[in-house]
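Only one structure is covered here, and it is reproduced in the block below.
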Amino acid sequence: MEYKFREIEKKWQQHWKETNACKVSNQSEKPKYYVLDMFPYPSGAGLHVGHPLGYIASDIYSRFKRLKGFNVLHPMGYDAFGLPAEQYAIEHGIHPAVSTENNIENFRKQLDNIGFCYDWDREVRTCDPRYYKWTQWIFLQLFNSFYNRSANKAEPIANLIKAFEAEGSLVVDRRPSTVDQFTADEWKNFDEVTKQSILMDYRLAYCGYGEVNWCEALGTVLANDEVVNGVSERGSFPVVKKKLRQWYLRITEYADRLLEGLDCIEFSDAMKEMQTNWIGKSSGAEIDFEVKSQKLKVKSLRVYTTRPDTIFGVDFMVVAPELDIVEEMKSAGQAAAVDEYLAYVKSRSERERMAEKKISGVFTGAYAINPFDGREIPIWISEYVLAGYGTGAIMAVPCGDERDHKFAQHFNIPITNIIGKHYNGEEANPTKDAILVNSDFLNGMVMRDAVDVVINKLEEKGTGTRKVNYKMRDAAFSRQRYWGEPFPIIWKDGVAYPLSENELPLTLPEVKNYSPGPEGEGPLANINDWVNSYAATNTPLGDGGALETNTMPGYAGSSWYFLRYMDPHNNKAFCDRNVSDYWGQVDLYIGGTEHAVGHLLYSRMWTKALYDLGFIGHDEPYKKLVNQGMIQGSSRFVHRITLRADVSSIDVEASGFKMSSNKNILVSKSIFEKIKDDSNLAKQILIKLLPELGISEHEKLKDIEAVVSIFHVDVNLVDGYELDIEAFKRWRNSEYSDAKFLFEEDGKYICSSEVEKMSKSKFNTVNPDMIVDKYGADTFRMYEMFLGPVEISKPWDTKGIEGVHRFLKKLWRLFYDDVKGKVWNEEKASDAELKVLHKTIKKIEEDTERFSFNTGVSTFMIAVNELTDLKCNKKEILEQLLILLTPYAPHVSEELWSALGNSGSILDASFPKFEAKYVTESTKDYPVAINGKTRTELTLDLNITQQEVEQIVLNNEVVQKWLEGKEPRKIIYVRNKMINVVV
RNA sequence: AAGCCUGUAGCCCAACGGAAGAGGCAAUAGUUUUAGAAACUAUUAAGUGUGUGUUCGAAUCACACCAGGCUUACCA
């Protein structure tokens with residue numbers, strides 16, 4: 001009987017489906033375990049072999065935990081709103097809902113092929129109104145909350161209103177706002193618009209005006225992490241700054257808690273660091289410098305610095321060109337230069353600014369006064385200071401800051417040295433440990449200690465305050481797009497009013513076209529019926545109210561999906577509190593690093609807000625995060641020689657050169673290696689080929705030049721490195737059908753290769769369906785794991801899969817012989833066989849527990865090799881082995897499990913218990929080293945004492961020979977490891 | 001520019017500070033086969049990127065450097 005993987009796999013996939021084998025209950029006696037894969041976007045391109053890596057790992061781990069007696073939740077669903085579907089709709093006129101549905105169906109088919117054990121009853125889709133009803137509901141909770149800084153948590157906005165009514169604005173630390181401090185009485189007398197605009201400054205989800213990343217081509221606003229190098233991450237379109245009305249999430253209020261939370265979750269150091277950098281907390285001081293300018297309009301300039309200790313090293317000030325005070329500071333003499341510079345800055349795109357970092361700037365003509373020694377410090381403007389961070393102005397200390405130093409050198413600004421010999425005059429030294437000089441009352445102090453001294457002094461004088469700053473900005477939360485969640489908000493008289501809970505979901509209307517609305521608004525703005533659907537109603541919001549036309553960004557739905565999986569069909573709540581208390585945190589989250597600062601930060605914030613408001617019982621969503629590495633593509637290249645000639649010097653028609661010059665002459669790898677740096681040799685080869693190419697001899701042929709180049713060829717046309725010539729000729733509509741080939745000596749065409757990102761454009765994608773069809777899902781699963789550690793990026797190499805496939809066939813032969821049929825038996829297992837089994841149990845348990853799936857696979861190979869050598873076909877052993885194997889290769893395990901006569905599913909078996917007694921040995925062959933070099937071997941009892949060892953070792957002939965009569969200094973004996981004699 | 005990760009047979013990768021090899025691919029030889037492929041059996045192969053140090057003992061720890069990858073990039 002052969003291993004017919006196709007039949008077996010189909011059979012059991014069907015069986016598991018029919019028996020609901022992967023169904024998970026919210027009630028169980030067992031301990032819970034929650035495994036989650038990062039929410040996939042169902043793209044139209046389908047899966048390549050790189051995508052399922054994390055899903056296989058999580059599937060193995062979930063099945064393993066199930067065998068270990070846990071109630072395991074392992075769901076899957078779709079992050080289905082998003083730009084590509086809408087882009088597709090614009091281009092092809094197909095409704096995003098339709099293309100998304102198709103993509104999901106295709107995605108699902110590919111997943112099912114691999115035999116995952118997802119509880120599909122719990123599937124969620126963010127674009128389903130039954131789902132986004134609750135996204136909108138959570139948005140309303142955020143809208144109706146504020147962050148109480150003294151309680152350090154989010155609270156209902158009603159609490160804030162009560163506080164305003166009782167005590168005015170002084171009760172809560174005032175945020176910068178449109179309105180100054182107010183008393184309780186004043187609050188009560190404010191009109192509705194004023195009140196609402198004050199409240200808007202507090203809401204966790206709020207609407208404001210701000211500079212946003214505007215992408216004209218996509219017609220939408222992008223988050224900072226969706227902009228890469230000044231162009232959109234999706235599509236690489238230019239992005240510019242634009243002031244627009246936008247919704248935001250007040251994530252900055254959570255900055256400290258997001259940082260502190262990192263200490264109690266298991267993320268990789270790299271991941272924690274990325275989040276820490278993104279939040280970018282720094283502490284220092286804001287210092288007010290008196291300004292001396294011609295116009296006397298500006299009295300002071302506020303800068304932010306983390307190094308107040310360097311206050312006596314300030315040689316100039318730099319203000320961001322965008323700041324309004326620039327206009328007021330410029331002197332008559334400098335006005336023209338300043339205006340010219342401002343025009344220059346404006347002309348530069350974000351991209352240019354990032355790409356070319358040239359030093360530029362201009363003096364404003366105004367001076368700041370050092371608060372301590374009264375020195376006059378010139379105020380400059382330069383684009384190296386960003387308007388959006390700190391106060392948009394800095395005090396420049398060239399001897400301690402590299403950028404300031406370069407600027408000073410460039411503009412010949414004299415540099416004050418406050419760190420003595422630590423500054424060499426050549427480049428800045430950012431040390432904190434130097435002793436200060438030229439620093440008035442700080443002289444002789446270590447810089448590190450001077451920081452606090454200066455801040456205290458500034459606060460005393462009232463010219464500065466201690467200040468913490470964050471790089472992180474509030475998260476832009478609106479998109480001018482159709483395919484996203486509508487905001488449950490009605491605008492009336494410039495005030496945003498929330499819809500009431502029972503009006504949710506606010507569903508997306510049908511649209512005819514997806515082009516943007518007027519003034520940067522989204523497509524929804526074009527549908528008056530929808531926008532005004534509340535205008536005529538009798539609700540308090542009727543009478544002229546208009547719906548918000550922005551939609552929510554992609555991360556809205558994915559910020560809380562892990563909660564919906566717990567209770568996916570609940571139409572009374574986003575998730576029942578009892579259920580979320582049962583499942584609690586996601587115990588294991590598997591996904592790529594690309595969501596390090598986007599999704600992972602947003603969902604952590606939502607979780608904290610929901611926790612603060614009492615809707616869930618935990619404030620970190622993910623307990624442990626494992627980052628899967630990328631599976632890279634191994635690209636293949638063919639090498640081409642093309643003719644290039646000075647055409648004017650050749651009689652084109654006569655020579656036939658024109659026709660032939662378009663011919664593809666493809667040379668195999670070793671020839672390519674020889675000629676790539678030797679155009680002469682390439683030319684010789686060409687000339688030899690000319691008659692064959694139908695080019696007649698011509699005196700001007702000496703002017704021909706050979707150009708050698710390489711290009712990607714589809715990896716599916718290549719077996720290892722050998723090109724399938726026939727398939728290649730048919731490739732791309734037979735574009736290369738008349739290509740000429742120069743082969744290796746053995747007649748093969750060998751491609752060269754390179755490891756690159758797996759992508760369609762590099763022709764190096766491999767479709768998992770193809771692999772599953774050829775080798776089976778079990779082989780595919782194990783091979784993906786076998787490639788290397790999950791966290792590491794590694795290239796895909798289809799060739800290596802044979803080894804894993806052979807392993808499964810070899811396993812099969814322990815049960816069935818091709819000729820004899822059934823060979824397994826019920827004989828009693830021997831000690832040697834039990835030893836193999838228990839060694840394997842231990843290793844598989846350890847490896848799986850620590851996500852070392854690659855070594856797990858190889859452990860199975862060893863076990864099967866050893867059992868084959870022992871000719872072990874005993875049920876007693878094999879049955880246990882199958883249980884170990886079932887997380888990795890579920891189909892073949894289930895088949896053989898049932899063949900052994902088990903009635904239930906192997907999914908519900910229990911993980912074998914390791915028993916040390918089968919593997920413990922009483923003796924060990926110890927290596928005996930003299931001075932660290934192994935010289936002989938001794939078989940000793942494991943329980944032997946140090947004294948006994950020394951005795952035996954000293955009496956050993958070999959040892960004596962190496963000692964040459966000398967006394968050993970020390971004899972090191974490590975139990976179960978080795979013995980070392982130090983002479 | 002900085003931070004993090006990774007450098008072990010031709011390749012992919014193992015090895016809780018204790019004899020560098022578990023496994024797989026490839027290669028070579030053999031068995032089987034009309035032949036090829038497949039299958040099976042066996043064999044070969046590195047001293048751990050470089051250099052210093054800690055240690056009785058280093059692939060493993062520390063420091064520096066080199067190479068590759070990822071991330072962030074004027075955050076004052």
Side-chain angles (χ1 to χ4, degrees), chain A residues 225 229 268-274 276-278 280-282 284 303-307 310 318 353-354 357 359 382-386 388-397 400-404 406-407 430 469-472 593-594 596-597 627 629-630 632 634 720-721 753 755 757 782-783 786-789 791-807 809-810 813 818 843 846 852 854-865 868 925-937 968-983:
Chain A
D225 47 296
N229 289 330
S268 69
D269 289 344
M271 194 59 67
K272 286 185 180 180
E273 204 186 302
M274 277 186 239
T276 304
N277 288 344
W278 187 260
K281 182 176 181 172
S282 70
V303 303
Y304 174 68
T305 180
T306 55
R307 297 296 301 274
T310 62
V318 187
R353 247 179 142 175
M354 286 189 180
K357 281 182 198 152
I359 300 168
S382 170
E383 59 179 348
Y384 87 89
V385 170
L386 307 176
Y389 183 75
T391 62
I394 62 158
M395 54 180 229
V397 182
D401 183 282
E402 196 49 49
R403 290 156 306 171
D404 297 348
K406 287 205 173 110
F407 194 86
N469 251 321
Y470 301 92
K471 278 204 279 188
M472 183 168 69
T593 49
E594 67 273 17
V597 290
N627 289 117
M630 243 194 321
Q632 296 150 312
S634 184
Y721 296 95
S753 68
V755 171
K757 202 171 166 157
M782 291 192 92
Y783 184 58
F786 188 62
L787 280 173
E791 313 86 348
I792 300 292
S793 290
K794 57 255 161 185
W796 176 264
D797 172 22
T798 303
K799 273 251 146 175
I801 202 168
E802 305 273 355
V804 175
H805 193 60
R806 268 175 219 144
F807 152 75
K809 284 200 266 191
K810 200 163 176 180
R813 283 200 301 272
D818 283 0
K843 186 85 165 80
E846 287 170 357
S852 180
N854 55 326
T855 53
V857 174
S858 95
T859 302
F860 284 119
M861 292 174 169
I862 295 163
V864 165
N865 287 347
T868 303
D925 294 339
Y926 282 95
V928 181
I930 317 287
N931 284 339
K933 286 203 165 59
T934 307
R935 300 300 182 188
T936 184
E937 228 174 72
R969 251 202 307 153
K970 207 170 168 189
I971 295 176
I972 292 149
Y973 160 61
V974 184
R975 190 170 175 274
N976 209 12
K977 295 284 182 197
M978 44 59 70
I979 294 161
N980 190 12
V981 182
V982 187
V983 187

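It should be emphasised that the depicted structure is a prediction, and the values quoted were computed from it without experimental measurement. Below, chain A is the first sequence line, B the second, and so on; all start at residue 1.
The shortest heavy-atom contact between A:M271 and A:T593 is CE-CG2, 3.7 Å.
Which of B:C13, B:A39, B:C75 sits closest to the side chain of A:L386 comes down to B:C75. Taking only side-chain atoms of A:V385, from C-beta outward, the nucleotide of B:G18, B:A76, B:C13 with the closest atom is B:A76. Taking only side-chain atoms of A:T305, from C-beta outward, the nucleotide of B:A76, B:C56, B:A38 with the closest atom is B:A76. Side-chain proximity of A:K970 to B:C74, B:C13, B:C56: nearest is B:C56.
At whole-Å resolution of the value, CD1 in A:I930 and C1' in B:A19 are 14 Å apart. In this structure, CZ of A:F807 is placed 20 Å from P of B:C13, rounded to the nearest angstrom. Distance NZ (A:K977) to P (B:C56): 19 Å, rounded to an integer number of Å. Residue A:K794 contributes atom NZ, which lies 15 Å from atom P of B:C70 at whole-angstrom precision. Between A:E846 atom CD and B:A22 atom P there is a gap of 18 Å when expressed in whole angstrom units. In this structure, CE of A:M630 is placed 16 Å from P of B:C12, rounded to the nearest angstrom. What separates NZ of A:K471 from C1' of B:C74 is a distance of 10 Å, to the nearest Å. With rounding to whole Å, A:Y470 atom OH is found 22 Å from B:U72 atom P.
The aromatic rings of A:Y384 and A:F407 lie tilted to each other, with the angle between the two planes from 30° to 60°. Ring planes of A:F860 and A:F807: tilted class, angle from 30 to 60°.
Judged by closest nucleotide on RNA chain B, A:N980 is the one of A:N980 and A:A393 placed further toward the 5' end.
Side-chain N/O atoms of A:Y304 include none lying less than 4.0 angstrom from OP1 or OP2 on B:A76. A close approach under 4.0 Å does occur between a side-chain nitrogen or oxygen of A:S282 and OP1 or OP2 of B:A76. The phosphate of B:C40 (OP1 or OP2) has a side-chain N or O of A:R813 nearer than 4.0 angstrom. At the phosphate of B:A76, neither OP1 nor OP2 sits under 4.0 Å from any side-chain N or O atom of A:N469.
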Would you tabulate the pairs of protein nitrogen or oxygen atoms and nucleotide nitrogen or oxygen atoms of nucleotides 24-28 of chain B closer than 3.5 angstrom?
{"from": "B:C25", "atom 1": "OP1", "to": "A:R806", "atom 2": "NH1", "distance (Å)": "2.1"}

What protein N or O atoms touch nucleotides 2-5 of chain B N or O atoms at under 3.5 angstrom, if any, and at what distances?
{"from": "B:G3", "atom 1": "O2'", "to": "A:E273", "atom 2": "OE1", "distance (Å)": "2.8"}
{"from": "B:G3", "atom 1": "O2'", "to": "A:E273", "atom 2": "OE2", "distance (Å)": "2.1"}

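Taking the syn range as angles within 90° of 0, the glycosidic angle of B:G23 is outside it, so the base is anti.
Summarising the base pairing, B:U28 is matched to B:A42 through a Watson-Crick or G-U wobble pair whose two defining distances lie under 3.5 Å. Across every strand in view, B:A14 sits unpaired, with no contact that passes the Watson-Crick or G-U test at under 3.5 angstrom. Both distances falling under 3.5 Å, in either a Watson-Crick or a G-U wobble arrangement, occur for no nucleotide opposite B:U54. For B:G7, the paired nucleotide is B:C66, the pair qualifying as Watson-Crick or G-U wobble because both relevant distances are below 3.5 Å.
Crowding of A:K406 atom NZ: a count of heavy atoms from other residues, nucleotides or ligands under 6.0 Å not exceeding 12.
Within the 3.5 Å criterion, the main-chain N or O of A:S282 finds no donor-acceptor partner in the side chain of A:N469. Although no hydrogens or angles enter the test, the distance criterion places no donor-acceptor pair under 3.5 Å between the side chain of A:R813 and the main chain of A:T868.
Spacing between B:A27 and B:A22 at atom P, rounded to whole Å, works out to 23 Å.
Residue-to-nucleotide contacts include a donor-acceptor pair under 3.5 Å from the side chain of A:S858 to the base of B:A22.
From A:K809, atom NZ reaches atom CD of A:E802 across 7.5 Å, with rounding to the nearest 0.5 Å.
Evaluation of the side-chain contact (heavy atoms from CB on, under 4.5 Å) rule for A:S852 yields A:D847, A:R850, A:N854, A:T855 as partners, not counting sequence neighbours.
For the 3.5 Å distance criterion, the side chains of A:K970 and A:N980 fail to qualify, holding no donor opposite an acceptor.
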